[in-house]
Amino acid sequence: LAANDQRVVAVRQLAEQLQAEQHPDLEVIQERLTDLNTTWDALKQMATEREQRLAAAHEIQKFHRDANETTSWINEKNTILSSDDYGRDIASVQALQRKHEGVERDLAALEDKVGALGVEAGRLQKTYADDADQIAAKQAEIVGNWEGL
């Protein structure tokens with residue numbers, strides 16, 4: 001649109017010049033200029049609305065991507081914590097203890113991520129009411145997986 005904006009400005013200037021010169025078809029020029037302005041404004045409005053819809057879709061898709069990533073991370077930690085391996089000797093027990101400490105650190109970070117996604121889900125539900133049910137379902141899935149962990 002920015003490239004064509006100069007063309008529209010040029011046509012407007014030409015119309016003003018023809019008006020100043022009292023062109024014999026002044027009425028037709030005015031009518032066409034009005035049509036041009038109306039159409040151009042409508043096109044810019046549609047472009048703005050499309051940009052807003054694309055930004056909304058981007059935000060919602062980013063939320064879903066982050067939610068899916070978090071769900072995968074929860075499932076990964078669930079698999080690790082569900083292991084029945086308690087070690088066969090002192091070295092393997094110590095290795096498992098270090099691994100468990102790492103999992104505990106990961107769970108703290110994961111808890112923060114689940115909380116941040118909950119806040120983001122609430123914001124998105126308020127901002128994009130049309131997609132609120134879908135966002136709420138994804139949030140419920142995350143919370144269910146987190147509580148199952």
Side-chain angles (χ1 to χ4, degrees), residues 1-18 28-149:
L1 285 177
N4 289 322
D5 196 40
Q6 293 302 318
R7 293 174 72 187
V8 172
V9 169
V11 169
R12 287 176 180 159
Q13 289 173 345
L14 183 57
E16 288 174 9
Q17 181 182 357
L18 291 172
V28 173
I29 292 169
Q30 277 295 84
E31 188 176 302
R32 292 220 173 156
L33 183 59
T34 301
D35 288 347
L36 172 69
N37 287 334
T38 302
T39 305
W40 183 246
D41 290 342
L43 180 62
K44 289 192 317 187
Q45 179 64 32
M46 287 176 9
T48 300
E49 289 171 2
R50 178 177 165 84
E51 183 179 352
Q52 290 170 349
R53 286 192 310 268
L54 287 171
H58 180 262
E59 277 190 285
I60 292 169
Q61 289 304 316
K62 182 181 179 302
F63 169 77
H64 282 289
R65 185 195 67 218
D66 290 348
N68 289 338
E69 184 179 285
T70 302
T71 299
S72 294
W73 200 12
I74 290 170
N75 291 337
E76 177 185 311
K77 299 308 171 198
N78 193 20
T79 301
I80 292 170
L81 293 173
S82 298
S83 173
D84 290 335
D85 183 13
Y86 300 111
R88 292 174 303 280
D89 57 20
I90 189 74
S92 63
V93 169
Q94 289 173 335
L96 287 171
Q97 284 177 326
R98 284 190 300 276
K99 186 175 182 179
H100 184 77
E101 289 169 359
V103 169
E104 285 179 345
R105 284 189 300 275
D106 290 347
L107 288 176
L110 189 55
E111 183 176 25
D112 292 343
K113 182 68 174 178
V114 169
L117 282 172
V119 169
E120 181 68 3
R123 184 187 71 76
L124 290 173
Q125 286 173 334
K126 289 177 186 172
T127 305
Y128 308 112
D130 292 344
D131 297 306
D133 291 342
Q134 182 184 18
I135 295 166
K138 186 58 86 171
Q139 180 186 13
E141 177 186 339
I142 294 168
V143 170
N145 286 335
W146 175 248
E147 288 174 354
L149 184 63

Enquirer: Does T39 have any side chain to side chain contact (heavy atoms under 4.5 Å, CB included) partners at least two apart in sequence or in another chain, and if so, which?
Expert: none

Enquirer: What's the separation between atom OG1 in T127 and atom CD1 in I60, rounded to the nearest 0.5 Å?
Expert: 9.0 Å

Enquirer: Please table the atom pairs, donor to acceptor, closer than 3.5 Å between any side-chain atom in residues 41-55 and protein atoms at least two apart or in another chain.
Expert:
unit_1, atom_1, unit_2, atom_2, d
Q45, NE2, E49, OE2, 2.9
T48, OG1, K44, O, 2.9

Enquirer: Run the side chain to side chain contact (heavy atoms under 4.5 Å, CB included) test on Y86 and V93 for me, step by step, so that the C-alpha distance in whole Å, both residues' side-chain angles and the decisive distance to 0.1 Å come before the verdict.
Expert: CA-CA 6 Å; Y86 300 111; V93 169; over 6 Å; no

Enquirer: Are the side chain of T79 and the backbone of N75 linked by a donor-acceptor contact shorter than 3.5 Å?
Expert: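 Yes, the answer is positive, given that a donor and an acceptor are paired below the 3.5 Å cut-off.
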
Enquirer: Side-chain polar contacts of residues 8-18 - donor-acceptor pairs under 3.5 angstrom, sequence neighbours left out - could you list them?
Expert:
unit_1, atom_1, unit_2, atom_2, d
R12, NE, N37, OD1, 2.6
R12, NH2, N37, OD1, 2.9
Q17, NE2, E21, OE2, 3.4

Enquirer: Do you know which two heavy atoms are closest between L149 and I74, and how far apart they sit?
Expert: CD1-O, 3.9 Å

Enquirer: Can you name the closest pair of heavy atoms from Q125 and A136 and give their distance?
Expert: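 Scanning both residues, the minimum pair turns out to be NE2-CB, 2.8 Å.
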
Enquirer: Closest heavy-atom contact between S92 and G87?
Expert: OG-CA, 3.3 Å

Enquirer: Identify each donor-acceptor pair in which a side-chain atom of residues 96-106 lies under 3.5 Å from a protein atom, sequence neighbours left out, and give them as a table.
Expert:
unit_1, atom_1, unit_2, atom_2, d
H100, NE2, E104, OE2, 3.1
D106, OD2, K77, NZ, 2.9

Enquirer: Please find the pair of heavy atoms, one from A67 and one from L117, that lie closest to each other, and give the distance.
Expert: CA-CD1, 4.0 Å

Enquirer: Return the CZ to OG1 distance between F63 and T70, rounded to the nearest 0.5 Å.
Expert: 9.0 Å

Enquirer: Mind checking the CG-CG spacing from L107 to N78? Nearest 0.5 Å is all I need.
Expert: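 Atom-to-atom, L107:CG and N78:CG are 10.0 Å apart.
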
Enquirer: For E59, check salt bridge (charged side-chain N to carboxylate O under 4.0 Å, His left out) against everything at least two apart and list the hits.
Expert: R123

Enquirer: Just verifying a value: how many Å separate T38 OG1 and L33 CG, rounded to the nearest 0.5 Å?
Expert: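 Result: 9.0 Å between the selected atoms.
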
Enquirer: Sort and list the pairs that fulfil side-chain hydrogen bond (donor to acceptor under 3.5 Å, both in side chains) and have at least one residue in residues 130-149, not counting sequence neighbours.
Expert: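 Passing the test, one end in residues 130-149: N68-K138.
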
